[in-house]
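Each remark here refers to the structure printed beneath this line.
Whatever order the structure lists ligands and atoms in, that order sets their numbers, starting from 1. Any value given below was found using the heavy atoms of this structure, including those in side chains, with hydrogens, waters and symmetry copies removed.
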Amino acid sequence: MSGRLAGRTALITAAGQGIGHATAQAFHREGARLWATDIDEDKLAGLAALEGVICRALDVRDPSAVEAAATEIGALDVLFNCAGRVPQGALLDCEPADWEETLRLNVTAMYRMIRAFLPAMLAAGGGSIINMASVVSSLSAAPDRCAYATSKAAVIGLSKSVALDYAAQGIRCNALCPGAVETPSFNERFSALPGSGAARAAFTARHPVGRIGSPSEVAALCVYLASDEAAFTTGQTVVIDGGLSL
Ligand SMILES: NC(=O)c1ccc[n+]([C@@H]2O[C@H](COP(=O)([O-])OP(=O)(O)OC[C@H]3O[C@@H](n4cnc5c(N)ncnc54)[C@H](O)[C@@H]3O)[C@@H](O)[C@H]2O)c1
């Protein structure tokens with residue numbers, strides 16, 4: 001199938017690599033006009049040649065940059081808030097600065113992005129907001145992910161709240177909840193572990209499907225949530241994790 005997002009304008013944060021990048025490619029393939037953004041504009045170079053894709057630096061933690069982007073871009077049909085960080089550690093390992101930075105990027109920046117772009121979406125009659133959460137959230141815990149799980153649980157609360165408050169005005173808002181997905185930062189986290197090969201094999205074996213996910217598999221789910229095929233889907237925690245959390 002193609003053209004599922006034809007005529008739609010979308011914006012993706014953290015489109016430079018990983019899930020955001022794969023979703024940018026998928027949105028483009030499905031015909032969307034796309035604003036591909038990332039804190040690191042160099043990482044967007046591979047998308048810049050694609051017709052209908054505009055690449056733009058955006059640090060979602062910067063309130064004035066977010067406001068400026070919303071003013072410049074105007075109404076979106078699809079907003080995919082993908083940017084996030086994955087700090088490691090149990091509560092006693094988590095220093096206050098790391099805790100605060102995690103909430104700043106994973107939660108507060110998402111709140112600001114929605115606050116900045118929502119008025120024009122409402123004025124245009126609605127749209128789809130996809131917020132990057134995780135199965136590690138209010139859905140399930142994982143070892144050494146205290147600040148991360150807390151932040152992604154907040155994303156779920158934020159998404160449900162936006163979904164409920166603006167459903168009647170045409171806004172859908174869903175929390176995307178992947179399990180392990182093979183991205184650059186995922187690989188960095190695993191390679192930093194002692195005995196990383198064995199740790200990775202043991203972790204992979206815990207997945208009922210026998211492997212971890214790929215960014216393109218998550219991107220395919222984003223296409224669905226962005227499209228009219230998901231017109232009756234809002235306020236949901238949409239899990240894609242190879243059965244890990246079963
Ligand atoms: N990879 C996984 O296993 C997994 C699982 C569940 C959820 N997630 C979530 O998916 C999202 C993307 O993770 P990933 O692993 O696909 O990508 P990644 O971590 O490999 O890449 C992150 C991208 O975010 C950009 N970025 C960092 N700070 C930014 C900022 N302040 N503003 C804008 N962009 C910024 C980076 O430049 C980079 O291109 C995160 O929110 C993460 O928590 C990932």
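Linking ILVMFWY residues whenever their side-chain heavy atoms come closer than 4.5 Å, directly or via other members, places Val53 and Leu5 in the same cluster. Side-chain heavy atoms closer than 4.5 Å link hydrophobic residues (I, L, V, M, F, W, Y) into clusters, and following such links, possibly through other members, connects Leu34 to Val218. Under the 4.5 Å side-chain contact rule for hydrophobic residues, Ile240 and Ile129 do not share a cluster. Linking ILVMFWY side-chain heavy atoms closer than 4.5 Å, directly or via other members, places Val155 and Val239 in two distinct hydrophobic clusters. Leu79 and Ile54 end up in the same hydrophobic cluster when Ile, Leu, Val, Met, Phe, Trp and Tyr side chains are linked at under 4.5 Å.
Interface of Phe186 with ligand 1, defined as ligand atoms under 4.0 Å from a residue heavy atom, comprises 3 (O). Ligand 1 places these atoms under 4.0 Å from at least one heavy atom of Asp59: 30 (C), 31 (N), 32 (N). The Ile19 neighbourhood of ligand 1 comprises atoms 10 (O), 16 (O), 44 (C), with distances under 4.0 Å to a heavy atom of that residue. The Leu58 neighbourhood of ligand 1 comprises atoms 32 (N), 33 (C), with distances under 4.0 Å to a heavy atom of that residue. Taking every heavy atom of Ser185 and a limit of under 4.0 angstrom, the matching atoms of ligand 1 come to 15 (O), 18 (P), 19 (O), 20 (O). Which parts of ligand 1 touch Ala180 is read off a 4.0 Å heavy-atom cut-off, strictly below it: atoms 3 (O). Set against the non-hydrogen atoms of Arg61, the atoms of ligand 1 under 4.0 Å away are 31 (N). Those atoms of ligand 1 that come under 4.0 Å of a heavy atom in Ala83, given as number and element, are 41 (O).
Within 6.0 Å of atom CZ in Arg189, more than 12 heavy atoms from other residues, nucleotides or ligands are found, so the atom counts as buried in its surroundings. When the shell of 6.0 Å around OH of Tyr111 is examined, it contains 12 or fewer heavy atoms from other residues, nucleotides or ligands.
With hydrogens and angles disregarded, no donor-acceptor distance shorter than 3.5 Å links the side chain of Ser140 to the backbone of Ser245. Between the side chain of Ser134 and the backbone N or O of Ser137, no donor-acceptor pair lies under 3.5 Å.
Between Phe203 and His207, the ring planes lie perpendicular to each other; the angle is over 60°, past the 30° to 60° tilted range.
Nearest non-hydrogen protein atom to atom 20 (O) of ligand 1 is Gln17 NE2, 2.7 Å. Atom 32 (N) of ligand 1 has Val60 N, 3.2 Å as its closest protein atom, hydrogens excluded (heavy atom only). For atom 35 (C) of ligand 1, the closest heavy atom belonging to the protein is Ile39 CG2, 3.4 Å. Protein heavy atom nearest atom 9 (C) of ligand 1, with residue, atom name and distance: Met132 CG, 3.3 Å. Considering only non-hydrogen protein atoms, atom 37 (O) of ligand 1 sits nearest to Asp38 OD1, 2.6 Å. Summary of contacts: the protein heavy atom closest to atom 41 (O) of ligand 1 is Cys82 O, 2.8 Å. The nearest heavy-atom contact from the protein to atom 24 (O) of ligand 1 is Ala14 CB, 3.2 Å. Among all non-hydrogen protein atoms, the one lying nearest atom 15 (O) of ligand 1 is Thr183 OG1, 2.6 Å.
Note: no N/O pair closer than 3.5 Å links Gly20 and ligand 1 by distance alone. Close N/O approach between Arg85 and ligand 1 is not found [any backbone or side-chain N/O within under 3.5 Å]. Taking any N or O of Tyr148, backbone or side chain, at least one lies under 3.5 Å from an N or O belonging to ligand 1.
In Pro178, the parts holding a heavy atom less than 4.0 Å from any atom of ligand 1 are both the side chain and the backbone. In Leu105, the part holding a heavy atom less than 4.0 Å from any atom of ligand 1 is the side chain. With a 4.0 Å cut-off on non-hydrogen atoms, Lys43 touches ligand 1 through its side chain and not its backbone.
Under the 4.0 Å criterion applied to side-chain N and carboxylate O atoms, Lys160 and Asp165 are not assigned as salt-bridge partners. Using a 4.0 Å cut-off between charged side-chain N and carboxylate O, Arg115 and Glu67 make no salt bridge.
For atom 13 (O) of ligand 1, the nearest protein heavy atom lies 4.0 Å away or farther.
Two residues are said to be in side-chain contact when any heavy atoms from C-beta on lie closer than 4.5 Å; Val223 and Phe27 meet this criterion.
For Gly179, the closest heavy-atom approach to ligand 1 falls below 4.0 Å. Residue contact check for ligand 1: Lys152 places a non-hydrogen atom closer than 4.0 Å to it. In this structure, Ala133 counts as a contact residue of ligand 1, since one of its heavy atoms falls inside 4.0 Å of the ligand. For the pair Thr13 and ligand 1, no heavy-atom separation below 4.0 Å is found.
Inspection of the Thr102 and Asn106 side chains reveals no N or O donor paired with an N or O acceptor under 3.5 Å. For Asn81 and Arg112, the side-chain atoms include no donor-acceptor pair closer than 3.5 Å.
In this structure, Ile212 CD1 and Arg200 CZ are separated by 4.5 Å, a value rounded to the nearest 0.5 Å.
Evaluated by nearest non-hydrogen atom to atom 2 (C) of ligand 1, the leading choice among Val181, Leu44, Asn187 is Val181.
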